[in-house]
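Start at 1 and go down the list; that is how both ligands and their atoms are numbered.
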Amino acid sequence: MTIWVPQLSGDGPRYRQLATAIGHAIESSELAPGTRLPPQRRLAHALGVTVGTITRGYGEAERRGWVEARVGSGTYVRAGSRRPAFSHVSATRDDDGVTDLSLALPPADTERDAALARALAGIQGDPRALAHALDYQPEGGLDAHREIYARWMTDLGLPVDAGELIIDQGGMNGIFLALSALGGRVAAERLSYPGVISVAGQLGLRLVGLDHDADGLAVDALAARHDQQPFDVLYVMPEHQNPTTARLDEARRRALVDFARERDVWIVEDGVQHLASAERGTPLYRLAPERTVYLFSVSKILAGGLRSGAMRVPPGLRERVATVVRNVSWMPPPLIAAVVGQWIASGDADRQLARQFDELEARRRMVEDALAEFSPCTRAGGFYAWLALPPGQRASRVVERLAEARIRVNPAEAFCVGSEAAPQAIRLCFSAARDRAALADALVRIREVLAAPAPSAWQTI
Ligand SMILES: Cc1ncc(COP(=O)(O)O)c(C=O)c1O
């Protein structure tokens, strides 16, 4: 009889590596729900580890909610235990009565369609813009488009020169371009944006998990981590961490940059996931311009479907990024950049940003009020709340019970880098509810689930 034998890799003890391998095998459908895991003795023999390691690994996978031990029968993959796939975008919002709070989408904006129509009309009335839209252009985009992006970013507290920018196709594209150009080992917080985990996986780049706390990346621990597992690139979201909402203070930002200079590490600074707020700190690219890529996108401000953004690239990296752009798509689509340019130049972008900010603030207050007893973490300009669950509650169970209540959220597990166990916490994107009424209704159901006593252990096995 053949048995499933995983390849153990990554940081940490073998039993955790085994638990993580089980999670990955479930995610890739290699292990289907209901599958019985191999008998412990046989797997221990196949992997050359002790039976105790397998017992602890299966126990860890059970603790993470992926498998269940059945007395006298073995350990089985649980139904519904698939780690949520990255980028699972449903075609419509709130369809079938489900309120999907799993994706950080900007709140619906009824005036957006009219702004798009105006931007398109602006291009139609401009023969030069029409001609540019149909021609091949340089990899970094047209000068005129880069200038408009640079002016707007500067107004938003992100001072840049047009010459430093490469127009891209949004934040994900920026991550792909940056990591493709840089290569090497990539370090990210142990909980981080799943997009970076996915891109690193696709490019075959090893990920190194970094410690973080309520105030963001644990910068003090970077040197020791680098000694242990050297890395070449540090991906970080200093302004608004996804998923925890943490923000790095100025002292940590400066210490981070000192570390990067000392160890010659590149920084990829992702600024996509929030709207600019008055409390913005100093962007890392201002502190270390020679080694920091900054990612900016209009997805969360204007519309995700536009697929447009701009990366601020250090001079020493520009040609490498341009080569990747050429290899992927020759250039960013000029028509889209022209639409965004019109949207910004007409003032529609600023008006939309102001409306979005107010809407997000109103929703954030709703979450703070409705879930006050659970102390949700939120921050101005953010799209989501991060919620550590009450003691005894398991994130996988809470996600399941919310799904039964027709609400979708993400467990901490979806953001895990490396083999560390995820904390019992969920991310709740209040921005994505259809409107405030839908959010209010969802918050009542979420409160009920969180306040319900955690099921006792004997009920779950
Ligand atoms: C931190 C972060 N970076 C990048 C992206 C991707 O942005 P875009 O939609 O512009 O590709 C997201 C999307 O949610 C994000 O949260």
Query raised in the report: Which one of Asp350, Asp348, Asp109 satisfies the salt bridge (Lys or Arg N to Asp or Glu O under 4.0 Å) criterion with Arg355?
Result: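 The passing option is Asp109.
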Query - Stepwise side chain to side chain donor-acceptor pair (under 3.5 Å) test for Gln169 and Ser308 - result: CA-CA 4 Å; Gln169 299 183 49; Ser308 186; over 6 Å; no
Query raised in the report: What residues, two or more places apart in sequence or in another chain, satisfy side-chain contact (heavy atoms from CB on, under 4.5 Å) together with Gln137?
Result: His132, Asp135, Leu142, Met331, Pro334
Query raised in the report: Between Asp213 and Arg252, is there a salt bridge with N-O shorter than 4.0 Å?
Result: yes
Query raised in the report: Are Arg326 and Glu319 ion-paired here, with the side-chain N under 4.0 Å from a carboxylate O?
Result: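 Yes.
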Query raised in the report: Is there a side-chain contact (heavy atoms from CB on, under 4.5 Å) between Arg318 and Glu164 once you walk through the steps?
Result: CA-CA 8 Å; Arg318 193 172 180 85; Glu164 300 174 305; 5.6 Å; no
Requested in this report: Run through ligand 1 for me and note each protein residue having a heavy atom under 4.0 Å from it, chain first, then residue number.
Outcome: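 Contacts of ligand 1 under 4.0 Å: Gly170, Gly171, Met172, Tyr193, Tyr235, Met237, Asn242, Asp270, Val272, Gln273, Ser297, Ser299, Lys300, Arg307.
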